[in-house]
Amino acid sequence: MQAESRGPVVVDLVAPPEIARWRPLLHWLMAFPHLLINQALGMLRGVLTLIAFFTVLFTKQIPRPLFDVIVMTLRYQWRVMSYVLFMRESYPPFDFTPTTEDDGSDPAILSIEYPTELSRFMPLIKWFLAIPHFVALAFMLVGFVFAWIIAFFAVLFTGRYPEGIRNYGVGLTRWSTRVLAYVGLLSDEYPPFSMS
């Protein structure tokens, strides 16, 4: 079941909770090629965000191809991390299609609406305005680490990812992606303090 969309950023995971019991032990190893690519895409995203900073300052826009590639890197990251954290069984595709809308080919969904115009001077202060989010997310992440350890043993012994813990992980990703989209100049909409 897909979560209700709130704002320009949509993040969800539509996958059955049943996970083979051996997967928590080996998912990280099977995802190694994806982790290397994800690292390279993260560096690319940093460079593109710097370029976007100047395009927003001078033109109040991010060129659509640049925006699409940045969104693709975030989508790829979500697909890889949902697999590494064994929140789903299916292996993520090596998909580098630069689009804002997710095509739904993978259980991990991430789309960001393209803004036609952005505030010219907001890039100078967005990082500051997001500090309360960073603090809250840090506490939530610590909580997820403990919850993930419980999920690890739950999958090992029952073959099922606890729904509440998975919803917590997806919600945390949704919230952090909204903050990344805001600070990363992909949206001017201030993110809600919400995982839904």
ask   = Near F146 CZ, under 6.0 Å, is it more than 12 heavy atoms from other residues, nucleotides or ligands?
value = no
key: Atom pair CD1 (I165) and CD1 (I149), whose distance is rounded to the nearest 0.5 Å   = 10.5 Å
Pairwise distance CG(N38) to CG(L44) - rounded to 0.5 angstrom = 11.5 Å
message = Could you see if F94 belongs to whatever hydrophobic cluster contains M43? Use Ile, Leu, Val, Met, Phe, Trp, Tyr and a side-chain cutoff under 4.5 Å.
response = no
ask   = Does R75 come within less than 4.0 Å of D103, counting only side-chain N to carboxylate O?
value = no
request  = Look at the side-chain heavy atoms of Ile, Leu, Val, Met, Phe, Trp and Tyr, link any pair under 4.5 Å apart, and say whether W28 and F153 land in one connected group.
outcome  = yes
ask   = Quick one: are S105 and D95 in side-chain contact, heavy atoms under 4.5 Å?
value = yes
message = Quick check against the 3.5 Å criterion: does Y168 have a side-chain atom that pairs as donor or acceptor with the backbone of M195?
response = no
inquiry  = Donor-acceptor pair, distance only, cut-off 3.5 Å: does the side chain of T73 make one with the backbone of G42?
reply    = no
message = For a side chain to side chain donor-acceptor pair (under 3.5 Å) check, start with the C-alpha distance between T97 and T99, then their side-chain angles and the critical distance, and finish with the verdict.
response = CA-CA 6 Å; T97 308; T99 62; over 6 Å; no
ask   = Where is the tightest heavy-atom contact between R79 and A108, given as atom of each residue plus distance?
value = NE-O, 3.6 Å
query = Are any side-chain N or O atoms of Y91 and backbone N or O atoms of M30, one a donor and one an acceptor, separated by less than 3.5 Å?
reply = yes
query = Any side-chain heavy atom of V84 within less than 4.5 Å of one from H27?
reply = no
query = Is the number of heavy atoms from other residues, nucleotides or ligands within 6.0 Å of CH2 (W127) greater than 12?
reply = no
G159 backbone acceptor or donor facing E18 side chain under 3.5 Å = no
key: Inter-residue atom distance F128.CZ - F134.CZ, 0.5 Å rounding   = 12.0 Å
inquiry  = As a quick check of understanding, evaluate side-chain contact (heavy atoms from CB on, under 4.5 Å) for Y182 and E189, giving each step before the final call.
reply    = CA-CA 7 Å; Y182 179 73; E189 183 176 311; 6.0 Å; no
request  = Please name the pair of heavy atoms, one in A52 and one in L185, separated by the smallest distance, quoted to 0.1 Å.
outcome  = C-CD1, 3.9 Å
request  = Keeping the roles fixed (side chain from Y190, backbone from L129), state whether a donor-acceptor pair exists under 3.5 Å.
outcome  = yes
Separation of R174 CZ from S196 OG (nearest 0.5 Å) = 7.0 Å
request  = Would you check, one step at a time, whether the test side-chain contact (heavy atoms from CB on, under 4.5 Å) holds for L41 with Q77?
outcome  = CA-CA 8 Å; L41 289 176; Q77 175 179 294; over 6 Å; no
inquiry  = Between V155 and R23, is there a side-chain heavy-atom distance shorter than 4.5 Å?
reply    = no
ask   = Linking I/L/V/M/F/W/Y whenever their side-chain heavy atoms sit closer than 4.5 Å, directly or via other members, would L50 and L66 fall into one cluster?
value = yes
inquiry  = Quick check against the 3.5 Å criterion: does E89 have a side-chain atom that pairs as donor or acceptor with the backbone of A20?
reply    = yes
message = Tell me whether the count of non-hydrogen atoms from other residues, nucleotides or ligands lying under 6.0 Å of CD in Q39 goes above 12.
response = no
ask   = Below 4.5 Å, heavy atoms only, C-beta onward: do S82 and R88 meet side chain to side chain?
value = yes
ask   = In the hydrophobic clustering that connects Ile, Leu, Val, Met, Phe, Trp and Tyr at side-chain heavy-atom distances below 4.5 Å, which members other than F32 occupy its cluster, ordered by chain and number?
value = L36
Trace of the side chain to side chain donor-acceptor pair (under 3.5 Å) decision for R64 with T100 = CA-CA 9 Å; R64 184 66 185 252; T100 58; 3.2 Å; yes
key: For D188 against K126, the heavy-atom pair lying closest together   = OD1-NZ, 2.7 Å
task = Measure the CG-OG1 distance between L13 and T173 for me, rounded to the nearest 0.5 Å.
result = 9.0 Å
remark   = Separation between CD1 (I70) and OG1 (T49), nearest 0.5 Å, reads 4.5 Å
key: 4.5 Å side-chain heavy-atom contact, L85 and F144   = yes
ask   = Quick one: does H133's side chain get under 4.5 Å of V183's, heavy atoms only?
value = no
inquiry  = Hydrophobic clusters here meaning ILVMFWY residues chained together by side-chain heavy-atom distances under 4.5 Å, can you tell me if I37 and L29 are in one?
reply    = yes
task = Ignoring hydrogens and angles, tell me if any N or O in the side chain of R120 forms a donor-acceptor pair with the backbone of L57 under 3.5 Å.
result = yes
Worked verdict on L25 versus F86 for side-chain contact (heavy atoms from CB on, under 4.5 Å) = CA-CA 9 Å; L25 302 172; F86 55 89; over 6 Å; no
query = Shortest non-hydrogen contact from D106 to P93?
reply = OD1-CD, 3.1 Å
Evaluation steps, side-chain contact (heavy atoms from CB on, under 4.5 Å), between Q61 and F67 = CA-CA 10 Å; Q61 289 187 297; F67 185 91; over 6 Å; no
ask   = Would you say I51 and F54 are hydrophobically clustered, going by side-chain heavy atoms of ILVMFWY under 4.5 Å?
value = yes
message = Show the nearest heavy-atom pair for residues V56 and S119, with the distance to one decimal.
response = CG1-O, 3.5 Å
request  = Give the minimum heavy-atom separation between I109 and V14, together with the two atoms involved.
outcome  = CD1-CG2, 3.8 Å
inquiry  = Side chains of S90 and P107, heavy atoms from C-beta outward: is any pair under 4.5 Å?
reply    = yes
query = Got a donor-acceptor contact below 3.5 angstrom from the R166 side chain to the M87 backbone?
reply = yes
inquiry  = Quick one, H34 and Y83 - any side-chain contact, counting heavy atoms below 4.5 Å?
reply    = no
